[in-house]
Amino acid sequence: MSLPPIVIILLTYKRTDYALRTIAAAARLRYAAPLLWYVADDGSAAEHVRAVRDALTAAQYPILGLHSERRGYGGNANMAWEACDQATPLTFWLEDDWELTTDLDLTPYARLLLERTEIGMVRLGALNLDIRGRTWGHDGRMYWLLDREPHHEGTPVFTGHPSLRHVRYRYAHGWYPVNQSPGDTELQYAYQFRQSRHDTPGIVWPADLPWYGVFGHIGEIKSENL
């Protein structure tokens, strides 16, 4: 199967040091087709936007697009996803404070999303310990197919943590809500996933990853406090 490119959507706002660490660590990503970048900046100062662009250029990463508009978390995510949909069905979501800690090959996860329409997302950030699921396999690999209903009410099955997604996830579960804080946006989108029909694309977790994932959270500055 010929693989399409993956666009890495970098959601960023002000946190220049964090963003540059996130970009540098992304060199550990592997993929058997091109990796492109789309920067969704929430109206930061020109210095931040320039530093992010310069870091991507220095690393010789192709930049599919860059916008810097004060749209809030949901508005920026929607704008980026719509733009990337014109180039590829696959997007890798990365907020500007998640640092990849080991080599990570996205190829098997891309093949999964392209071949199995019942899956819409491969979750790769930290996995809450009280989320339930069942074993599920594809191409010799084991995954956890995550239950839509968490064991505890406050545990989101969908999160904004790093993930690889097929555009069918958006087609099934809708756009991000807008005009809310990043935290509330995430919780509302998790609720949209929980309320969707059980025959819509689900979320899997690679069973060979540690529960804490392969991305470390940088620092203590929260995006909603900026």
Side-chain angles (χ1 to χ4, degrees), residues 2-111 113-114 121-125 159-167 169-170 175-176 182 213-219 223 226:
S2 177
L3 295 172
I6 291 174
V7 182
I8 301 172
I9 295 178
L10 179 67
L11 293 162
T12 184
Y13 178 56
K14 283 189 176 181
R15 301 180 291 190
T16 306
D17 291 344
Y18 291 3
L20 298 186
R21 282 179 59 181
T22 295
I23 292 169
R28 307 187 76 165
L29 286 172
R30 303 286 181 263
Y31 184 49
L35 285 170
L36 314 177
W37 285 73
Y38 187 102
V39 179
D41 177 77
D42 193 27
S44 303
E47 292 79 6
H48 174 80
V49 178
R50 183 167 54 249
V52 168
R53 184 193 299 113
D54 289 350
L56 293 172
T57 301
Q60 299 184 324
Y61 290 134
I63 302 174
L64 177 69
L66 184 155
H67 74 255
S68 181
E69 300 181 21
R70 192 64 169 154
R71 291 172 172 259
Y73 186 97
N76 278 301
N78 292 338
M79 185 176 180
W81 211 343
E82 184 174 29
C84 294
D85 189 18
Q86 307 304 311
T88 180
L90 299 177
T91 48
F92 184 81
W93 291 73
L94 191 58
E95 295 178 4
D96 63 6
D97 58 347
W98 286 100
E99 185 176 30
L100 182 59
T101 59
T102 188
D103 291 350
L104 179 65
D105 186 3
L106 297 177
T107 305
Y109 309 141
R111 292 189 184 279
L113 290 173
L114 293 167
M121 175 190 296
V122 180
R123 180 172 163 167
L124 296 164
T159 75
H161 294 181
S163 64
L164 182 65
R165 308 179 199 175
H166 193 283
V167 71
Y169 189 91
R170 172 165 63 79
W175 296 99
Y176 276 86
V214 291
F215 288 85
H217 189 244
I218 304 171
S223 56
L226 296 176

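- For R165, the side-chain hydrogen bond (donor to acceptor under 3.5 Å, both in side chains) criterion is met by S163, Y176, not counting sequence neighbours.
- Here L114 contributes atom CG and H166 contributes atom NE2; the two are 5.5 Å apart, rounded to the nearest 0.5 Å.
- With rounding to the nearest 0.5 Å, the separation of CG in L29 from CG in L106 is 5.0 Å.
- Rounded to the nearest 0.5 angstrom, Y18 OH and I23 CD1 are separated by 15.0 Å.
- Side-chain atoms of D96 never come within 3.5 Å of backbone atoms of T22 as a donor-acceptor pair (strictly under, hydrogens ignored).
- Residues satisfying the side chain to side chain contact (heavy atoms under 4.5 Å, CB included) test with S68, not counting sequence neighbours, are D41, V49.
- Among L90, L104, I6, the one residue that satisfies the side chain to side chain contact (heavy atoms under 4.5 Å, CB included) test with Y109 is L104.
- Across A87 and P5, no two heavy atoms sit closer than the pair O-CG, 4.3 Å.
- V214 is not listed as a side-chain neighbour of R28, based on a closest heavy-atom distance of 4.5 Å or more.
- Summarising the geometry, atom CG belonging to L10 is positioned 14.0 Å from atom CH2 belonging to W98; distances are rounded to the nearest 0.5 Å.
- Within 6.0 Å of the CD atom in E69, the count of heavy atoms belonging to other residues, nucleotides or ligands exceeds 12.
- When the side-chain hydrogen bond (donor to acceptor under 3.5 Å, both in side chains) test is applied to D42, the partners found at least two apart in sequence or on another chain are R70, N76.
- With sequence neighbours excluded, the residues forming a side-chain hydrogen bond (donor to acceptor under 3.5 Å, both in side chains) with W93 are T91, listed by chain and number.
- The closest side-chain heavy-atom distance from E95 to F215 is not below 4.5 Å.
- Contact of the E47 side chain with the T16 side chain is not registered, since no non-hydrogen atoms from C-beta on lie closer than 4.5 Å.
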Legend entry - Worked check of side chain to side chain contact (heavy atoms under 4.5 Å, CB included) between L124 and H161: CA-CA 7 Å; L124 296 164; H161 294 181; over 6 Å; no

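- Shown here for A83 and Y38, the closest heavy-atom pair between the two residues is CB-CE1, 3.7 Å.
- Atom CD of E99 sits about 10.5 Å away from atom CG of L94, to the nearest 0.5 Å.
- Closest approach of L100 and T102 over heavy atoms only: CG-O, 3.2 Å.
- For R30 (side chain) and T107 (main-chain N/O), no donor-acceptor pair under 3.5 Å exists by modelled atom type.
- For H48, there are no ring pair (Phe, Tyr, Trp, His ring centres under 6.0 Å) partners, not counting sequence neighbours.
- We find the CG-CH2 distance between L35 and W37 to be 8.5 Å, quoted to the nearest 0.5 Å.
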Which pairs would a plain distance check flag for residues 50-64, meaning a side-chain donor or acceptor within less than 3.5 Å of a matching protein atom at least two apart in sequence or in another chain?
from: T57; atom 1: OG1; to: R53; atom 2: O; distance (Å): 2.9
from: Y61; atom 1: OH; to: A27; atom 2: N; distance (Å): 3.3

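- In this structure, P4 and Y31 approach most closely via the heavy-atom pair O-OH, 2.6 Å.
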